[in-house]
A.B. asks: 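Pasting a structure here, questions to come.
The figures here come from the full heavy-atom set of this structure, side chains too, leaving out hydrogens, waters and symmetry mates.
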Amino acid sequence: QVQLVESGGGLVQAGGSLRLSCAAAQGTFNWFTMGWFRQTPGKDRELVARIGWDGRSTTYVASVKGRFTITISRDNAKNSVLLQMNSLKPEDTAVYYCAAALAYGSEFTVWGQGTQVTVSS
């Protein structure tokens with residue numbers, strides 16, 4: 001069973017950057033599609049970006065395109081997935097979750113505990 005651990009969240013000023021990292025505390029997710037989600041109080045968790053097992057396929061959801069510059073990447077040798085976020089805005093404040101799915105279009109079934117991102121104005 002893969003266990004995911006996120007890190008890299010914190011407090012940043014508007015316009016700043018953060019890089020979130022997801023690592024496997026147990027097992028490996030080298031063959032999984034990986035995704036980053038975010039959730040704010042009272043709202044559903046939403047997909048931010050996902051990346052295929054080999055890093056060749058990526059998807060960025062429309063709600064974050066143009067709002068801030070984001071890049072999802074992975075290093076299977078290090079068993080890690082990164083989410084680089086630039087030009088952050090206060091409305092990007094949320095808990096960000098890393099998740100794994102068996103295939104690119106499959107449901108995400110393994111979740112990390114989340115990391116808080118707070119963007120101050």
Side-chain angles (χ1 to χ4, degrees):
Q1 179 70 22
V2 176
Q3 293 182 357
L4 306 176
V5 178
E6 303 94 335
S7 61
L11 175 64
V12 63
Q13 290 187 335
S17 300
L18 279 176
R19 186 175 69 175
L20 305 183
S21 179
C22 176
Q26 179 175 305
T28 177
F29 53 66
N30 286 355
W31 306 110
F32 287 75
T33 288
M34 299 300 296
W36 283 98
F37 291 71
R38 67 183 186 179
Q39 187 172 27
T40 56
K43 293 188 178 181
D44 293 334
R45 193 173 298 183
E46 65 168 350
L47 177 67
V48 175
R50 64 179 171 187
I51 186 167
W53 72 271
D54 59 359
R56 294 181 179 181
S57 300
T58 57
T59 301
Y60 298 95
V61 296
S63 61
V64 298
K65 286 182 179 178
R67 295 186 61 197
F68 58 87
T69 302
I70 59 169
T71 303
I72 188 170
S73 61
R74 67 189 299 161
D75 186 339
N76 287 342
K78 296 181 179 179
N79 219 10
S80 68
V81 177
L82 302 178
L83 186 71
Q84 178 69 42
M85 304 187 292
N86 302 323
S87 303
L88 287 163
K89 297 182 179 180
E91 52 263 42
D92 299 312
T93 295
V95 178
Y96 284 73
Y97 296 89
C98 175
L102 290 176
Y104 202 70
S106 298
E107 177 184 6
F108 287 87
T109 56
V110 181
W111 295 87
Q113 82 289 351
T115 185
Q116 177 70 47
V117 170
T118 302
V119 184
S120 64
S121 57

A.B. asks: Rounded to the nearest 0.5 Å, what separates atom CD in E46 from atom CD in Q39?
C.D. replies: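 Reported to 0.5 Å precision, the distance equals 9.5 Å.
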
A.B. asks: When rounded to the nearest 0.5 angstrom, what distance separates SG in C22 from CD in E6?
C.D. replies: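 Answer for the SG-CD pair, C22 versus E6, is 5.5 Å.
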
A.B. asks: Which heavy atom of T33 sits nearest a heavy atom of R74, and at what distance?
C.D. replies: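 Scanning both residues completely, I find the closest heavy atoms to be CA-NH1, 4.3 Å.
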
A.B. asks: If every non-hydrogen atom of V2 is compared with every non-hydrogen atom of L4, which pair is closest and at what distance?
C.D. replies: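 Closest approach of V2 to L4: CG1-CD2, 3.5 Å.
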
A.B. asks: If you round to the nearest 0.5 Å, how far is CG of L83 from OH of Y60?
C.D. replies: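 Spacing of OH (Y60) from CG (L83) equals 7.5 Å.
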
A.B. asks: Cut-off 3.5 Å, side chains only: do D75 and S80 have a donor facing an acceptor?
C.D. replies: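 Side-chain D/A pair, D75 to S80: absent.
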
A.B. asks: Measuring only between side-chain heavy atoms, which start at C-beta, is L102 closer than 4.5 Å to F32?
C.D. replies: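 A side-chain contact exists here, since the closest heavy-atom pair is under 4.5 Å.
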
A.B. asks: Output the distance between atom CG (L11) and atom OG1 (T118), rounded to the nearest 0.5 Å.
C.D. replies: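 Rounded to the nearest 0.5 Å, the CG-OG1 separation comes to 6.0 Å.
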
A.B. asks: Locate the shortest heavy-atom distance separating N86 from S17; write the atom from each residue and the value.
C.D. replies: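 N86 and S17 have their closest heavy atoms at OD1-OG, 2.9 Å.
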
A.B. asks: How close do A24 and N79 get, heavy atom to heavy atom, and via which atoms?
C.D. replies: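 Minimum heavy-atom contact is CB-ND2, 3.3 Å.
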
A.B. asks: When rounded to the nearest 0.5 angstrom, what distance separates CD in Q13 from OG in S121?
C.D. replies: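 Q13 CD to S121 OG: 9.5 Å, rounded to 0.5 Å.
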
A.B. asks: Given the side-chain rings of Y97 and F108, with only the six-membered ring counted for Trp, is the space between their centroids under 6.0 Å?
C.D. replies: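 Here the rings of F108 and Y97 have centres that are no less than 6.0 Å from each other.
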
A.B. asks: Mind listing the closest non-hydrogen atom pair of I51 and S73 along with its distance?
C.D. replies: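 The answer is CD1-CA, 3.8 Å.
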
A.B. asks: Same hydrophobic cluster for L18 and I72, using side-chain heavy-atom links shorter than 4.5 Å among ILVMFWY?
C.D. replies: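 Yes, L18 and I72 fall within the same hydrophobic cluster.
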
A.B. asks: Verify side chain to side chain contact (heavy atoms under 4.5 Å, CB included) between C98 and W111, making sure each step is shown before the conclusion.
C.D. replies: CA-CA 6 Å; C98 175; W111 295 87; over 6 Å; no

A.B. asks: Is there a continuous path of hydrophobic side-chain contacts, each under 4.5 Å between heavy atoms, that joins I70 to Y96?
C.D. replies: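 Yes, I70 connects to Y96 through the hydrophobic network.
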
A.B. asks: Tell me whether the rings of W53 and W31 are parallel (<30°), tilted (30 to 60°) or perpendicular (>60°).
C.D. replies: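 The rings of W53 and W31 sit tilted, inter-plane angle from 30° to 60°.
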
A.B. asks: Do V117 and M34 belong together in a cluster built from hydrophobic side chains that touch within less than 4.5 Å?
C.D. replies: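 Yes, it is one cluster - the side chains of V117 and M34 are joined through contacts under 4.5 Å.
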
A.B. asks: Are V5 and F29 linked, directly or through other ILVMFWY residues, by side chains that come within less than 4.5 angstrom of each other?
C.D. replies: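 They do not share one cluster, since no chain of ILVMFWY contacts under 4.5 Å joins V5 to F29.
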
A.B. asks: Nearest 0.5 Å please: distance from the CG atom of L82 over to the OG1 atom of T71.
C.D. replies: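 Between atom CG of L82 and atom OG1 of T71 there are 10.5 Å.
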
A.B. asks: Cluster question for you: counting only ILVMFWY and a side-chain heavy-atom cut-off of under 4.5 Å, with indirect links fine, are Y104 and V110 together?
C.D. replies: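 As far as the 4.5 Å side-chain criterion goes, V110 and Y104 are not connected within one cluster.
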
A.B. asks: Does a side-chain heavy-atom distance below 4.5 Å link T93 with Q116?
C.D. replies: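 A side-chain contact exists here, since the closest heavy-atom pair is under 4.5 Å.
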
